[in-house]
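Some notes on the structure that comes next.
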Protein chains: 2
Amino acid sequence: MPKIDSLPTQNARPKRQRKSSEQRVSDIIEAAADHFAEIGFGGGTREIAKRVGVTQPLLYRYFPDKDSLIEAVYRSVYLESWNADWEAILQDRSQSVRSRFDAFYRAYTQANFTPRWLRISYFAGLRDAHINEWYNHLVEELILKQLVREHRIELGQPDDAYVSPAELEPAWQIHGGLLHYGWRRHVLNLPVTNDMGQVIDDALDMYFAVAANVYAREADSDADTGH
Amino acid sequence: MPKIDSLPTQNARPKRQRKSSEQRVSDIIEAAADHFAEIGFGGGTREIAKRVGVTQPLLYRYFPDKDSLIEAVYRSVYLESWNADWEAILQDRSQSVRSRFDAFYRAYTQANFTPRWLRISYFAGLRDAHINEWYNHLVEELILKQLVREHRIELGQPDDAYVSPAELEPAWQIHGGLLHYGWRRHVLNLPVTNDMGQVIDDALDMYFAVAANVYAREADSDADTGH
DNA sequence: TCGAAAAGTAATCATGTGATAAATAATCCG
DNA sequence: CGGATTATTTATCACATGATTACTTTTCGA
């Protein structure tokens, strides 16, 4: 069977096949996230390009400088990791507050407790507190204040939208304790139990055991100051 | 009053005064710890030398390479931050377990919850899990297992030196939650409450509210497996 | 099919880095 | 004092880094 080079058949494919601009951008962000998660944001651009399979200057076609790429990684990691369905779970009053937060934290930890997400989060916090500050605000508004408010309602207390900082602290204690479990398991690679359900159960047990007292204490001090 | 330069008086002091080898070493480690805490272990050796007030090659007289300096910083930060007296506090059975751990965590957080210690700890964990693994082992042996054992005794349970991993997890939850408070306060610089005593009180409330159940659950499963 | 637009590479620059060798200056001791 | 020792600096190297420019190759629509 003779090979006819000059004939423009579908076999004569180009040496390097190109990708669309959008595809390349997301490839680069993906590779950068992996690399930064391993090395930190000091990681080199050449290594990222190598992971994508392109040359290093190509990165500068899509990002004006390294900081822009880092910012894109921030966005990607944080935005992709928040699932809008979770808010529905937390608000579903056909379930007890306890089982809502149990379900939520199972989903939340399953989605976010990966070496990549955890390492990027901690690297980001150490590099530039701002981005992490923003994310913590999200956690506070969407999860922790929700926990306090819904729990107070379930306890038959008046529905006060205000949640004081001191009242939030025990909720942070739970959230932070779980995060530290992720840190030990997926960053330090320590041989912790992998029964995430049990860990969450125990953590929530702790919270619900003391929460009512904390609300009462805060209600007293709020009455004094009239918050 | 004529100035007689050739006379070897005490006024004719040398231009640069030298320091002893030991003094320089500790100066360098100190400056390196500060710098690494701010920038991370990618921080430059020239900047460290600048902080000390010497030239950069001098560092290589005292440390064969940068990794050795980093290791020295590890040692310095971790060793200086552990106070041997704390072990006595934890073992003092004239006090209740609760008040012992309350006193301990007040001292522990006061000593360690600084931007420098926290940032170096997290940077170290991200860079090389090993060093942090070692420190966590210390925490586990000296603090958390101690908490479980002493509490069991106080509850009138048999004095079993063995503490299962699953039994340790709620104690880690408390410890990790407190650490995360430090992270938010001293790394992210978030406006958290600065009533550390209250934070510790609430955290310990949580632990002691559920601990007995956890011990019982573990005693059951241990009976099955005969650990 | 041809030519413009866009994806991609090669070559290179300026700079900052860890590290080394040789020279200098302060200190110590007989 | 005077020589040996040692702290410290000067000059420099090799290399990796972020970034830029000019060139090449693929793609795609008129």
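Just so it is clear: chains get the letters A, B, ... in the order the sequence lines come, proteins before strands, and each one is counted from 1. What you see is a predicted model; the values in this text were computed from it and never measured. Excluded from the calculations below are hydrogen atoms, water molecules and symmetry mates; all remaining heavy atoms, backbone and side chain alike, are included.
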Nearest listed nucleotide, side chain of [X], among [options]:
X      : options                  : value
Q56(A) : dA19(C), dT6(D), dG18(D) : dG18(D)
K66(B) : dT9(D), dG18(C), dT20(D) : dG18(C)
P57(B) : dT12(D), dA7(D), dA11(D) : dA11(D)
R61(A) : dT8(D), dA19(D), dA6(C)  : dA6(C)
D65(B) : dA7(D), dA19(D), dA19(C) : dA19(C)

* Is there a donor on the side chain of R46(B) or the base of dG16(C) sitting less than 3.5 Å from an acceptor on the other? -> no
* Asked: Quick one: the side chain of R18(B) and the base of dA25(C), do they pair up donor-acceptor inside 3.5 Å?
  ->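 It does, because a donor-acceptor pair links the side chain of R18(B) to the base of dA25(C) below 3.5 Å.
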Please state how far atom [atom1] in [X] lies from atom [atom2] in [N], giving the value in whole angstrom units.
X      : N       : atom1 : atom2 : answer
L59(B) : dT20(C) : CG    : C1'   : 14 Å
L69(A) : dT17(D) : CG    : P     : 15 Å
E47(A) : dG18(D) : CD    : P     : 11 Å
Y62(B) : dT20(C) : OH    : P     : 17 Å
I48(B) : dA19(C) : CD1   : P     : 11 Å
L58(A) : dT25(D) : CG    : C1'   : 13 Å
R24(A) : dT25(D) : CZ    : P     : 17 Å
K50(A) : dA16(D) : NZ    : P     : 12 Å

* Check the angle between the aromatic planes of F113(A) and Y108(A) and answer parallel, tilted or perpendicular using the 30° and 60° thresholds. =>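 F113(A) vs Y108(A) ring planes: perpendicular.
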* Note: R100(A)-D92(A) ion pair, threshold 4.0 Å (strictly below) -> no
* Asked: Are any of the side-chain nitrogens in R184(A) or E133(B) under 4.0 Å away from the carboxylate oxygens of its partner?
  ->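 Here R184(A) does not pair with E133(B) in a salt bridge, since their nearest N and O are not under 4.0 Å apart.
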* Describe the nucleic acid contact of S20(A) in one word from base, sugar-phosphate, nothing, applying a heavy-atom distance below 4.0 Å. => nothing
* Exercise: do W82(A) and E87(A) side chains pair donor with acceptor under 3.5 Å -> yes
* To do: Just do the ring pair (Phe, Tyr, Trp, His ring centres under 6.0 Å) check on H175(B) and W172(B) with the steps written out, would you?
  => CA-CA 5 Å; H175(B) 192 88; W172(B) 269 116; 5.6 Å; yes
* Would you indicate, yes or no, if dG18(C) has its OP1 or OP2 atom less than 4.0 angstrom from a side-chain nitrogen or oxygen of T45(B)? =>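 Yes.
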* To do: Would you tell me if any nitrogen or oxygen in the side chain of Y60(B) comes within less than 4.0 Å of OP1 or OP2 on dA21(C)?
  => no
